[in-house]
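Have a look at the structure below, then the notes.
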Amino acid sequence: LFRSQEVHAPRRMSRTTNLSSSPGLFTECSLPKVMFTGVIDENGEQVVQRLGGELADSVYECTHLVTDRIRRTVKFLCAVARGIPIVTLDWLEKCGKNKCFLSSTSFLVKDCEQEQNFNFRLAESLQKARKHRLF
């Protein structure tokens, strides 16, 4: 995938909020830049904006990909290659209820059937990609 072939979504800017350093909260230096693939979640988009995150314009800038299952979309495959957390819709629902971004660790997509079909393990692939960045 070349830079000129980036997948874009409409940009939505939002306010910035300070986050506490409590365990389980999102602890990255910057707030999440979230992108969706294969799902439409208007409530989730509102949660991202309300908590001060952004809806990412491209897979090159997103920090979290939200979906309901393993998919062979450009966004999904790029997220795997970059080692970006691929989380369920439940992540945003729980973030909204807790009024803060939670760690994505407990919300990674689990799809045993597709993992078996494609002969891989998503969590393991993300971990390897984080250690050995492709781009």
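Bear in mind the structure is a predicted one, so any value in this text is a computation, not a measurement.
The side-chain contact (heavy atoms from CB on, under 4.5 Å) check on Cys95 picks up Val47, Leu51, Trp91, Phe101, Leu102, with sequence neighbours excluded. Residues satisfying the salt bridge (Lys or Arg N to Asp or Glu O under 4.0 Å) criterion with Lys131, sequence neighbours excluded, are absent altogether. With sequence neighbours excluded, the residues that form a side-chain contact (heavy atoms from CB on, under 4.5 Å) with Thr105 are Ser103. Residues satisfying the side-chain hydrogen bond (donor to acceptor under 3.5 Å, both in side chains) criterion with Gln114, sequence neighbours excluded, are Asn117. Asn98 meets the side-chain hydrogen bond (donor to acceptor under 3.5 Å, both in side chains) test with no other residue; sequence neighbours excluded. Looking at residues two or more places apart in sequence or on another chain, you find no side-chain hydrogen bond (donor to acceptor under 3.5 Å, both in side chains) involving Ser125. The salt bridge (Lys or Arg N to Asp or Glu O under 4.0 Å) check on Arg121 picks up Glu124, with sequence neighbours excluded. Not a single side-chain hydrogen bond (donor to acceptor under 3.5 Å, both in side chains) links Thr88 to another residue, sequence neighbours left out. Partners of Ile84 by side-chain contact (heavy atoms from CB on, under 4.5 Å), not counting sequence neighbours, listed by chain and number: Cys62, Ala79, Arg82.
Judged as a salt bridge (Lys or Arg N to Asp or Glu O under 4.0 Å), not a single pair has a partner in residues 101-120 (not counting sequence neighbours).
Distance CG/Leu31 to SG/Cys100: 11.5 Å, rounded to 0.5 Å. Atom CD1 of residue Ile70 and atom CZ of residue Phe118 lie 8.0 Å apart, to the nearest 0.5 angstrom. Taking CD of Gln49 as the start and CG of Leu55 as the end, the distance is 5.0 Å to the nearest 0.5 Å. Here Ile40 contributes atom CD1 and Leu89 contributes atom CG; the two are 11.5 Å apart, rounded to the nearest 0.5 Å.
When all heavy atoms of Gly96 and Arg50 are compared, the pair lying nearest together is CA-NH2, 4.1 Å.
Taking the side chain as every heavy atom from C-beta outward, Val39 and Arg71 approach each other to under 4.5 Å. Counting only heavy atoms from C-beta outward, the side chains of Val87 and Val109 never approach each other to under 4.5 Å.
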For this session: Quick one: do Ile86 and Leu126 satisfy side-chain contact (heavy atoms from CB on, under 4.5 Å)? Show the steps, please.
Result: CA-CA 9 Å; Ile86 301 171; Leu126 292 174; 4.2 Å; yes
For this session: Could you check Lys94 against Asp90 for side-chain contact (heavy atoms from CB on, under 4.5 Å), going step by step and ending with a plain yes or no?
Result: CA-CA 6 Å; Lys94 293 287 189 325; Asp90 195 38; 3.0 Å; yes
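Of the options Val48, Leu65, Val66, a side chain to side chain contact (heavy atoms under 4.5 Å, CB included) to Met35 is made by Leu65 and by none of the others.
In this structure a side-chain-to-backbone donor-acceptor pair under 3.5 Å is present from Lys75 to Phe36. Of the possible polar contacts, one joining the Glu61 side chain to the Asp57 backbone as a donor-acceptor pair under 3.5 Å is found. Side chain of Thr63 to main chain of Lys33: a donor-acceptor pair is present (N/O by atom type, distance under 3.5 Å, no hydrogens or angles).
Side chains of Thr73 and Thr37: a donor-acceptor N/O pair is present below 3.5 angstrom, by distance only.
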